[in-house]
Amino acid sequence: MWEDVRTSLGPDAEANGRLSFVSPTRIEGKLKGEVRSSDLIVVGPQGVVHATVRADKLVVLGEVRGEVLGASRIEVCAGGRLFGDVETQSFVVHEGATFEGRSRMGGQASAAAGVPTATSTARDAPREAEARREEQRRQ
């Protein structure tokens, strides 16, 4: 999936405002504002995104702060940090990742329209995150 990325913002890039992409995109720099994609967005290990994100798929290896809306899939990888509320069909938080916020899952993909489609709410995320932090402290 990540090998399809053709557009990228390098680690020395800083952008403010609204950005929109139609092809898979990797962000390694700093981005503030709003970002939209009808495809994949990968926030690389050096990437810092403070924005409302509307993307079909989001992979977080760096840091995202803000709402993520209408995604068909969100994946927070080990070392990745996601702070904010998310709305998605599929939500994967790997061991060693951080997620703080609320998640709404279910329904149909609606990345382009950003239409809420939630049918359930994950309420255990804060407790699970605290358990992971406690386990990391013990190691």
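All values reported here derive from a predicted model rather than from experimental measurement.
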Just wondering, do [Y] and [X] contact through their side chains at under 4.5 Å, heavy atoms?
X	Y	answer
I27	I41	yes
L40	F21	no
L82	F91	yes
E34	S20	no
P24	V42	no

Donor-acceptor under 3.5 Å ([X] side chain, [Y] main chain):
X	Y	result
S37	A55	no
S72	D56	yes
E100	F83	no

Please report the interatomic distance [atom1]([X]) to [atom2]([Y]), rounded to the nearest 0.5 Å.
X	Y	atom1	atom2	answer
R65	H50	CZ	NE2	5.5 Å
L69	R104	CG	CZ	7.0 Å
K57	I74	NZ	CD1	12.5 Å
T88	E75	OG1	CD	11.0 Å
D85	R102	CG	CZ	4.5 Å

Where is the tightest heavy-atom contact between C77 and H94, given as atom of each residue plus distance?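 In terms of heavy atoms, the two residues are closest at CA-CD2, 3.7 Å.
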
Before you tell me yes or no, could you show the steps for D39 and S23 under side chain to side chain donor-acceptor pair (under 3.5 Å), namely the whole-Å CA-CA distance, both residues' side-chain angles and the distance that decides it to 0.1 Å? CA-CA 6 Å; D39 208 316; S23 62; over 6 Å; no

Could I get the full list of side-chain contact (heavy atoms from CB on, under 4.5 Å) partners for S90, not counting sequence neighbours? R73, V92

